[in-house]
Amino acid sequence: EYEGDRDGEGRRHGFGKARLPNGDTYEGQYEHGLRSGNGTYRFKNGALYTGDYLQNKKHGKGVFFYPDGSKYAGDWVHDQRQGYGEYLYANGDTYTGEWANNKRHGQGTYVYKETGSKYVGCWVNGIQNGPAELIHLNHRFKGRFLNGKPLGRGKFIFDIGCEQHGEYIQPVQVKETEKEEEDEDEPPLPLEPIWKASEITKLTPWSPDDEELLVPKEG
């Protein structure tokens, strides 16, 4: 069903309201039969998008309310979250920063509602990766992350005015020979990196950006 403006060839053009066969509805601008311009699209499942369209795709600036109560407000490119935007998650966490292909990608800040901690730094394909700072209530960690875990040189900075320098080491998985047969199909669980402290100092200007990408130590 459609009610609204049409062009000379009878296609939807200008402002209109439509009910789609699947039960979704759209109210907004059309250009020559396609959703283009500003509009509001209501999904049958309770989701809602209001913002810019280009040739039937979310493109430009828009806000998407998801059925689970989460919400994204920001840039869109060809139906994907891309550019800069803020996402409020169903559990109350928030992410504000850069996006590519629907994923957190680039520089961004993630705030954990439960603890109040926040991660400020680099993301690659939705995962914490690269130089970053993890800020807690009375101390913070500055270093590099790889696949969501801290790895390599870094430091803990305490509000009382001192720092603990050190590095996160990736422990090596030791396989137990007698269990080999039964566990053959299961990949070993990745072990958590272990923090090895080296010294405590007064506050220093060291930053993870100061060094090249970390090279694993020999031996």
Give, for atom [atom1] of [X] and atom [atom2] of [Y], the distance between the pair rounded to the nearest 0.5 Å.
X: Gln55; Y: Glu31; atom1: CD; atom2: CD; answer: 8.5 Å
X: Tyr66; Y: Leu88; atom1: OH; atom2: CG; answer: 11.5 Å
X: Gln170; Y: Asn147; atom1: CD; atom2: CG; answer: 9.5 Å
X: Thr50; Y: Lys58; atom1: OG1; atom2: NZ; answer: 12.0 Å
X: His136; Y: Lys118; atom1: NE2; atom2: NZ; answer: 12.5 Å
X: Thr96; Y: Tyr110; atom1: OG1; atom2: OH; answer: 11.0 Å

[X] and [Y]: which non-hydrogen atoms are nearest, and at how many Å?
X: Pro67; Y: Ala47; answer: CD-CB, 3.8 Å
X: Pro171; Y: Ile194; answer: CG-CD1, 3.8 Å
X: Tyr30; Y: Arg12; answer: CB-O, 3.5 Å
X: Gly39; Y: Tyr53; answer: O-CE1, 4.3 Å
X: Cys122; Y: Gly130; answer: CB-CA, 4.0 Å
X: Phe141; Y: Pro150; answer: CE2-CB, 3.8 Å

Does the [X] side chain pair with the main chain of [Y], one donor and one acceptor, at a distance under 3.5 Å?
X: Asn102; Y: Gln80; answer: no
X: Gln82; Y: Asn101; answer: yes
X: Arg11; Y: Gly33; answer: no
X: Asn129; Y: Trp123; answer: no
X: Glu98; Y: Gln107; answer: yes
X: Asp7; Y: Glu9; answer: yes

| task | Mind telling me whether Trp76 and Tyr49 have parallel, tilted or perpendicular rings, with 30° and 60° as the class edges? | result |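 Rings of Tyr49 and Trp76: perpendicular, as their planes differ by over 60°.
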| query | Which word best sums up how the rings of Tyr72 and Trp99 line up, parallel for under 30°, tilted for 30 to 60°, or perpendicular for over 60°? | reply | perpendicular
| task | Carefully, step by step, assess Phe64 and Phe43 under the rule ring pair (Phe, Tyr, Trp, His ring centres under 6.0 Å). | result | CA-CA 11 Å; Phe64 200 114; Phe43 296 81; 5.5 Å; yes
Just list the side-chain donor-acceptor pairs under 3.5 Å for residues 155-164, sequence neighbours left out, or say none.
unit_1	atom_1	unit_2	atom_2	d
Lys155	NZ	Glu163	OE1	3.4
Lys155	NZ	Glu163	OE2	3.0
Lys155	NZ	Thr204	O	2.8
Lys155	NZ	Thr204	OG1	3.2
Lys155	NZ	Trp206	O	3.1
Glu163	OE1	His165	NE2	3.2
Glu163	OE1	Thr204	N	3.2
Glu163	OE1	Thr204	OG1	2.8
Glu163	OE2	Thr204	N	3.1
Gln164	OE1	Trp195	NE1	2.9

Hey, does [Y] have a side-chain heavy atom less than 4.5 Å from the side chain of [X]?
X: Lys113; Y: Asn91; result: no
X: His13; Y: Arg6; result: no
X: Phe145; Y: Tyr168; result: no
X: Lys44; Y: Asn22; result: no
X: Lys149; Y: Glu192; result: yes
X: Val77; Y: His59; result: yes
X: Tyr87; Y: Ser70; result: yes

| query | Can Phe15 be reached from Tyr2 by stepping across I, L, V, M, F, W or Y side chains whose heavy atoms are under 4.5 Å apart? | reply | no
| request: Following the transitive rule for hydrophobic clusters with a side-chain heavy-atom cut-off under 4.5 Å over Ile, Leu, Val, Met, Phe, Trp and Tyr, establish whether Tyr112 and Tyr95 coincide in one cluster. | output: yes
| message | Between the side chains of Glu133 and Arg140, is the shortest nitrogen-to-carboxylate-oxygen separation below 4.0 Å, so that they form an ion pair? | response | yes
| task | May I ask you to decide whether Asp75 forms a salt bridge with Lys61, counting only side-chain N to carboxylate O separations under 4.0 Å? | result |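 Looking at Asp75 and Lys61, the cut-off is met.
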| Crowded around Arg42 CZ? As in, over 12 foreign heavy atoms under 6.0 Å? | no
| said: Can you tell me if Glu199 has over 12 outside heavy atoms packed within less than 6.0 Å of its CD? | reply: yes
| field | Donor-acceptor side-chain pairing of Thr109 and Tyr119 below 3.5 angstrom | value | no
| said: Could you check whether Tyr41 and Asp24, counting side-chain N and O atoms only, form a donor-acceptor pair closer than 3.5 Å? | reply: yes
| said: Would Ile135 and Val120 count as a side-chain contact (heavy atoms from CB on, under 4.5 Å) here? Give the steps. | reply: CA-CA 8 Å; Ile135 301 164; Val120 183; 4.0 Å; yes
